[in-house]
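Before any comments, here is the structure.
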Amino acid sequence: MEKQKISINGERLKQTIEDFADFGRTENNGVTRLALSETDIKVRNHFKMVCEELGLTVKWDDMGNMYATLEGRENDKSPVVIGSHLDSVEKGGRFDGVLGVLTGLEVVRTLVESNIRPRIPVVVANITNEEGARFEPSLMSSGVMSGKFDKGNMLRSADKNGVTFADALKASGYEGRKENRLTEAEAFLELHIEQGPVLESESIDIGVVECVVGMCCYEIEVSGESDHAGTTPMSMRKDSLFAANNLINEIREKMSKLDNDLVYTIGRMNVSPNIHTVIPNKVIFTLEARHKEAAVISLVEEIIQGLAETDAKEKCGVDVKKLWDRDTVWFNDKLVDSLEKSCKSLDCSYKRMASGAGHDAQFIATYLPAAMIFVPSVNGKSHAEDELTAWEDCERGVNVVLQTVLDLTAN
């Protein structure tokens with residue numbers, strides 16, 4: 001099959017996105033569709049129906065991951081897989097995750113209506129519980145498939161009502177066989193909204209993602225003494241909150257000098273006893289940092305581990321505990337190049353970039369060839385009801401994936 005200059009139907013893509021958003025649409029035009037909830041089951045049923053109407057074979061595995069397959073001329077060969085996730089966070093957006101699944105659906109629709117039978121199968125995948133909004137952790141099913149997570153532990157994960165993932169999966173009707181898992185592929189391609197402001201701010205059409213950045217996460221505990229807020233002289237205090245504030249300023253000053261691409265966040269802080277008339281005796285806060293280069297993360301960790309030795313402690317104790325980390329995952333060079341080639345052939349502006357957020361493709365990339373592209377997010381918004389990607393950007397991104405699929409499935 002020679003590569004043909006064909007394009008997707010942008011209006012159909014737009015309508016499909018809106019149709020899928022009806023499953024869990026919120027008052028402010030967002031989406032709530034938690035994994036394996038009643039709404040998620042309904043959208044799965046709809047996805048299955050639409051795929052079967054196209055003539056695809058739909059299967060699901062033991063984690064509920066769905067695979068809709070368009071047969072190729074050589075069905076004994078590994079497929080090209082296009083996918084993402086249909087679940088959302090509470091009051092999330094209409095594009096996060098679902099756009100990646102509908103990218104695959106629209107690519108397959110275009111192949112079918114153009115009477116193109118690909119050389120190898122093309123699979124549209126819906127990966128279960130990417131968000132982790134109902135059952136922790138996020139990236140649950142791709143983590144199990146890649147061996148990063150223990151399946152037994154994941155099945156025992158429970159939501160706030162005590163319902164386990166295992167029970168919800170069984171009740172959903174989408175508990176399939178382990179033999180149906182994604183174990184081989186010519187490529188796994190994931191289109192996702194950027195969830196950040198870079199592409200829009202630089203007026204760039206496509207982000208060709210080279211990697212998902214590595215990160216580390218620490219918990220810092222600052223211990224002081226509680227005394228009366230009105231009677232204890234400032235010079236005699238062991239104020240853990242003042243000490244924490246000093247440490248945070250020191251962290252920011254030192255980390256700002258490391259690398260412009262480094263991002264770091266103090267996302268959680270607990271102050272005890274949290275009474276306005278009492279000097280705080282304990283502050284616990286988290287610090288996470290993300291960068292694609294392991295050497296930069298190592299420098300970050302040196303700074304964090306040195307906090308206990310700093311002079312900024314206000315006579316308080318400082319304890320540093322590492323919670324977890326992850327290495328940078330680099331995507332397949334040939335697939336990244338292929339996506340870049342497609343951008344050029346369609347005259348799309350693009351930049352190679354790293355993903356600061358996690359995606360299923362990062363776990364899948366540890367055992368299969370995988371790559372991603374981003375399309376712009378208006379104002380960088382995501383995980384919110386006002387999440388928005390322009391329709392023309394959605395269409396442009398799906399066309400990039402289409403051209404890449406045509407390349408990968410050509411003779």
Side-chain angles (χ1 to χ4, degrees), residues 89-92 131-138 157-162 195-197 213-291 295-326 356-358 380-384:
V89 299
E90 188 86 25
K91 294 185 178 180
E131 294 290 3
R134 182 184 179 193
F135 303 104
E136 293 183 351
S138 59
S157 178
D159 67 12
K160 61 183 180 181
N161 296 315
Q195 300 180 284
V213 299
M215 62 185 296
C216 63
C217 184
Y218 280 78
E219 183 176 84
I220 295 97
E221 180 175 315
V222 185
S223 301
E225 290 183 5
S226 283
D227 286 300
H228 196 288
T231 62
T232 309
M234 297 302 292
S235 62
M236 299 177 68
R237 297 186 179 204
K238 296 181 180 179
D239 188 320
S240 61
L241 185 53
F242 280 174
N245 181 65
N246 293 343
L247 293 173
I248 291 168
N249 286 330
E250 182 174 313
I251 289 165
R252 188 168 187 182
E253 179 185 359
K254 290 181 176 180
M255 289 196 183
S256 67
K257 298 175 182 177
L258 294 183
D259 191 278
N260 288 336
D261 290 332
L262 174 68
V263 294
Y264 45 94
T265 304
I266 294 170
R268 184 178 73 231
M269 177 176 284
N270 297 316
V271 180
S272 298
N274 205 27
I275 301 171
H276 75 91
T277 58
V278 180
I279 297 168
N281 67 357
K282 183 172 292 187
V283 174
I284 300 175
F285 63 93
T286 58
L287 173 61
E288 71 151 48
R290 308 185 187 209
H291 196 277
V296 175
I297 294 295
S298 293
L299 293 174
V300 166
E301 296 195 84
E302 286 181 17
I303 292 172
I304 297 172
Q305 291 162 1
L307 293 178
E309 309 303 322
T310 182
D311 295 328
K313 297 184 292 182
E314 299 278 346
K315 296 177 281 189
C316 294
V318 177
D319 182 62
V320 175
K321 180 171 67 175
K322 188 172 187 176
L323 299 182
W324 55 278
D325 62 12
R326 76 176 187 215
K381 287 280 189 177
S382 183
H383 283 189

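To the nearest 0.5 Å, the span separating CD1 on Ile303 from CZ on Arg252 amounts to 14.0 Å. Put simply, CD on Glu131 and CD on Glu90 are 12.0 Å apart, with the number rounded to the nearest 0.5 Å. The CG atom of Leu262 sits 7.0 Å away from the CE atom of Met255 when rounded to the nearest 0.5 Å. Atom CG of Asn245 is separated from atom CG of Asp239 by 9.5 Å, given to the nearest 0.5 angstrom. Taking CD1 of Ile248 as the reference point, atom CZ of Phe285 lies at 4.5 Å (rounded to 0.5 Å).
Side-chain atoms of Met269 and Ile284, non-hydrogen and from C-beta on, never get closer than 4.5 Å to each other. Side-chain contact between Val318 and Ile220 is present, with heavy atoms from C-beta onward closer than 4.5 Å. In this structure, Val300 and Lys254 have side chains that are not in contact, with every pair of non-hydrogen atoms separated by 4.5 Å or more. Contact check for Ile251 versus Leu287: side-chain heavy atoms found under the 4.5 Å cut-off. For the pair Gln305/Tyr218, a side-chain contact is recorded, criterion being any heavy-atom separation below 4.5 Å from C-beta on.
Listed by chain and residue number, Ser226, Ser272, Pro273 satisfy the side chain to side chain contact (heavy atoms under 4.5 Å, CB included) test with Asn281 (two or more places apart in sequence, or in another chain). In this structure Ser382 satisfies the side-chain hydrogen bond (donor to acceptor under 3.5 Å, both in side chains) test together with Gln195, Glu387, sequence neighbours excluded. Residues forming a salt bridge (Lys or Arg N to Asp or Glu O under 4.0 Å) with Glu288 (at least two apart in sequence, or on another chain): Arg290. When the salt bridge (Lys or Arg N to Asp or Glu O under 4.0 Å) test is applied to Lys322, the partners found at least two apart in sequence or on another chain are Glu301, Asp325. Residues satisfying the side chain to side chain contact (heavy atoms under 4.5 Å, CB included) criterion with Lys321, sequence neighbours excluded, are Glu219, Leu323.
For Tyr264, the OH atom counts as densely surrounded, since its 6.0 Å shell holds more than 12 non-hydrogen atoms of other residues, nucleotides or ligands.
Summarising the geometry of Asn274 relative to Val271, their closest heavy-atom pair is CB-O, 3.2 Å, with the distance given to 0.1 Å.
A distance-only check finds a donor-acceptor pair linking the side chain of Ser157 to the backbone of Glu136 [under 3.5 Å]. Checked by atom type and distance alone, the side chain of Ser240 pairs as donor or acceptor with a backbone atom of Pro280 at under 3.5 Å. Side chain of Arg237 to main chain of Ile279: no donor-acceptor pair is present (N/O by atom type, distance under 3.5 Å, no hydrogens or angles).
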Fill in: Candidate pair Lys282 and Ser223, rule side-chain contact (heavy atoms from CB on, under 4.5 Å), full reasoning
CA-CA 5 Å; Lys282 183 172 292 187; Ser223 301; 4.1 Å; yes
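For residues 306-316, the pairs satisfying side chain to side chain donor-acceptor pair (under 3.5 Å) are Asn246-Glu314, Glu250-Thr310, with sequence neighbours left out.
Of the N and O atoms on the side chains of His291 and Asp261, not one donor lies less than 3.5 Å from an acceptor on the other residue.
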